Number of protein chains: 2
Amino acid sequence: MKKSGSDGRTRERLSREAIADGAVTLADAEGLEAVTIRRLAKDHGVSPMALYWHFKDKDLLLDGIADRLFNDVDLPPVSADPWPEQLRGVLEALLAALRPHPAVAGLVTSRSLISEAGLNIAERTLSHLRQAGFSPEQAAELGGYLLGAVVTLVTSEPGRRHGDDEEAHEDAVRVKAASLGALSPRRYPNIIASAGALAACASPDAYYRLGLDMLITGISGIATAPAKPEAETAP
Amino acid sequence: MKKSGSDGRTRERLSREAIADGAVTLADAEGLEAVTIRRLAKDHGVSPMALYWHFKDKDLLLDGIADRLFNDVDLPPVSADPWPEQLRGVLEALLAALRPHPAVAGLVTSRSLISEAGLNIAERTLSHLRQAGFSPEQAAELGGYLLGAVVTLVTSEPGRRHGDDEEAHEDAVRVKAASLGALSPRRYPNIIASAGALAACASPDAYYRLGLDMLITGISGIATAPAKPEAETAP
DNA sequence: ACCTGAACACCGTTCAAGT
DNA sequence: ACCTGAACACCGTTCAAGT
């Protein structure tokens, strides 16, 4: 009776994957600060020390969570499309994997190069940036930056849920919009005009589209190579 | 004898500012995870509970740290320059304030609207985005995103120091570059080409210039209003 | 190989109390 | 108004031990 996991399934043997999965599920429901060795152990019906056999310490467990997220990324196949389209496809795939898990999305930023799946994403990103004409140094800087930017998009979506229930969330949004709207109109006219949008996101899809547009437009704008590969010869 | 602060100055009376200052200094030296109520109290030669009179809980102390950072931002005066230049000036001012404090820079992302100084920066950013022709909703989304992007630039500068001493840092960079260089050249040719730049940043100034160029170019590229205000009439 | 129990050195925070 | 002391319910982690 006390041998079943927190989600009701009968307890299988513990594994790195099961632990990382449980950590993501817990973070989705109660936030990253709830992800604790002891809490995870309790949810798996196991002693806290059991986890230490699978992960040497908590930081390596966080690495495992990041790796799990990178594995959810479904990279589009390489194609003959212009590089901006292909780069956008990569970022969209990353975004799709991170959006369901805003509480842990921030973990991936510093961990792409220590995850097998993360390396593939980095490699693809770098290859498109090199097609754009950037040097290896610039590609490295921009690639790291693009990963961080996608994470930022997810973790600072206006009005992101705090793990509250539906009603408490709506209340919080209303309160925030009202308090912004009550600022001095002389000093903060633009904040007041944007108060509603700063408190919550009317259309997440539009928000993410705008963010990706900005990123791809920015990269294209500073690139030195043409977007279309067919134009082989220049004047 | 035991009544002086950790930095050797004679202990003044405790204040919110002094506590926030101490927290930033400590984070700069030993990282955010060293910033603890108890450690801060010890550094100030005071009991842990003393801090609770000035900040109701730790989260409010983190708000105070973010506020301290926003206060370091030296916003350029409003001018008649085209909006992209002015927007860049705002982002540069923010960047200059955050660069010295990478360990706590991430705290500002979600706190701009609860800090007096943060509100000013948000207002300025929104005003330039409105000049660019964006709607209040788009301006809100892009403004929050630009703040996050600048933070990302700072917190994920390649080869960021970990609080180690000079030598340990260089060793870590060398090891990282070597391990990236040892990857399979067939599967990761671009990572290998960029290995050095992924492990450390040869020129931080060039890195930040490239990042800001990308952001401003991106915003300009998706904007609907002309960059120059003198072109009042369009065909 | 996989897991447990007891113990250690930490946390944030509450509460009653002191000046 | 400003600070202390003792106590509580947590942390991550080590170590020796069990199967």
Side-chain angles (χ1 to χ4, degrees), chain A residues 1-6 9-24 26-27 29-66 103-104 106-107 110-111 162-163, chain B residues 1-6 9-24 26-27 29-66 103-104 106-107 110-111 162-163:
Chain A
M1 213 58 161
K2 31 168 70 163
K3 279 268 150 175
S4 59
S6 64
R9 290 182 300 178
T10 35
R11 261 267 283 109
E12 303 292 325
R13 246 249 252 58
L14 219 49
S15 69
R16 289 173 60 91
E17 291 73 28
I19 293 170
D21 270 21
V24 171
L26 178 56
E30 305 184 25
L32 185 54
E33 72 279 5
V35 176
T36 246
I37 298 276
R38 297 175 112 107
R39 170 66 186 273
L40 249 20
K42 181 183 288 190
D43 286 0
H44 284 282
V46 112
S47 123
M49 311 318 131
L51 302 210
Y52 280 87
W53 196 89
H54 300 275
F55 294 98
K56 203 176 107 321
D57 61 25
K58 192 178 178 181
D59 210 62
L60 290 176
L61 168 58
L62 298 181
D63 291 353
I65 295 175
V104 283
L107 294 176
S110 57
R111 292 175 170 92
H162 291 46
Chain B
M1 212 56 161
K2 30 168 70 161
K3 279 267 146 174
S4 60
S6 65
R9 290 182 300 178
T10 36
R11 259 268 283 112
E12 302 292 326
R13 245 246 251 65
L14 218 50
S15 69
R16 288 173 60 91
E17 292 72 28
I19 294 170
D21 271 21
V24 171
L26 177 57
E30 306 183 25
L32 185 54
E33 72 280 5
V35 176
T36 249
I37 298 276
R38 297 176 111 107
R39 171 65 186 275
L40 250 19
K42 180 182 289 189
D43 286 0
H44 284 283
V46 111
S47 122
M49 311 318 133
L51 303 211
Y52 280 87
W53 197 88
H54 300 275
F55 294 98
K56 204 175 104 329
D57 62 26
K58 193 178 179 184
D59 210 62
L60 290 176
L61 167 58
L62 299 180
D63 291 353
I65 295 175
V104 282
L107 294 177
S110 57
R111 291 175 171 91
H162 291 47

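Everything quoted here is computed from the prediction, not taken from an experiment. Naming convention: chains lettered A, B, ... in sequence-line order (proteins, then strands); numbering from 1 in each chain.
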Got [X] and [Y] here, is their nearest side-chain heavy-atom distance under 4.5 Å?
X	Y	answer
A:Ile65	A:Arg111	no
A:Ile37	A:Tyr52	yes
B:Leu62	B:Val104	no
B:Leu61	B:Leu40	yes

Whole angstrom value for the distance that separates [atom2] of [N] from [atom1] of [X]:
X	N	atom1	atom2	answer
B:Phe55	C:dT13	CZ	P	13 Å
B:Asp57	C:dT14	CG	P	8 Å
A:Trp53	D:dT19	CH2	C1'	14 Å
B:His44	D:dC2	NE2	P	16 Å
B:Lys42	D:dT4	NZ	C1'	17 Å
A:Glu33	C:dC11	CD	P	19 Å
A:Ile19	D:dG12	CD1	P	13 Å
A:Leu51	C:dC2	CG	C1'	12 Å

C:dA16 and D:dC2: how far apart are their P atoms, nearest whole angstrom?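 Approximately 22 Å lies between the P atom of C:dA16 and that of D:dC2.
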
Taking the nucleotide of DNA chain C with the closest heavy atom to each, which residue, A:Ala50 or B:Arg39, is nearer the 5' end?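 Final value for this comparison: A:Ala50.
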
Can you measure from CG (B:Asp43) to CD1 (B:Ile19) and round to the nearest 0.5 angstrom?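 If we round to the nearest 0.5 Å, B:Asp43:CG and B:Ile19:CD1 are 12.0 Å apart.
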
If you compare every side-chain N and O of [X] against the phosphate oxygens of [N] (OP1, OP2), does one of them come in below 4.0 Å?
X	N	result
B:Arg38	C:dC10	no
B:Thr36	C:dG12	yes
B:His54	D:dA1	no

Just compare C:dT13, C:dT4, D:dC3 and give me whichever is closest to any side-chain atom of B:Lys58.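 The nucleotide sitting nearest to the side chain is C:dT13.
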
Would you mind telling me which of D:dT14, C:dT13, C:dC3 lies closest to the side-chain atoms of B:Met49?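 Ranking D:dT14, C:dT13, C:dC3 by closest atom to the B:Met49 side chain puts C:dT13 first.
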
Residue matched to D:dC10 through Watson-Crick or wobble contacts both under 3.5 angstrom: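 Pair assignment: D:dC10 / none.
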
Pairing nucleotide - C:dA17, Watson-Crick or G-U, each distance under 3.5 Å: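 Pairing partner: none.
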
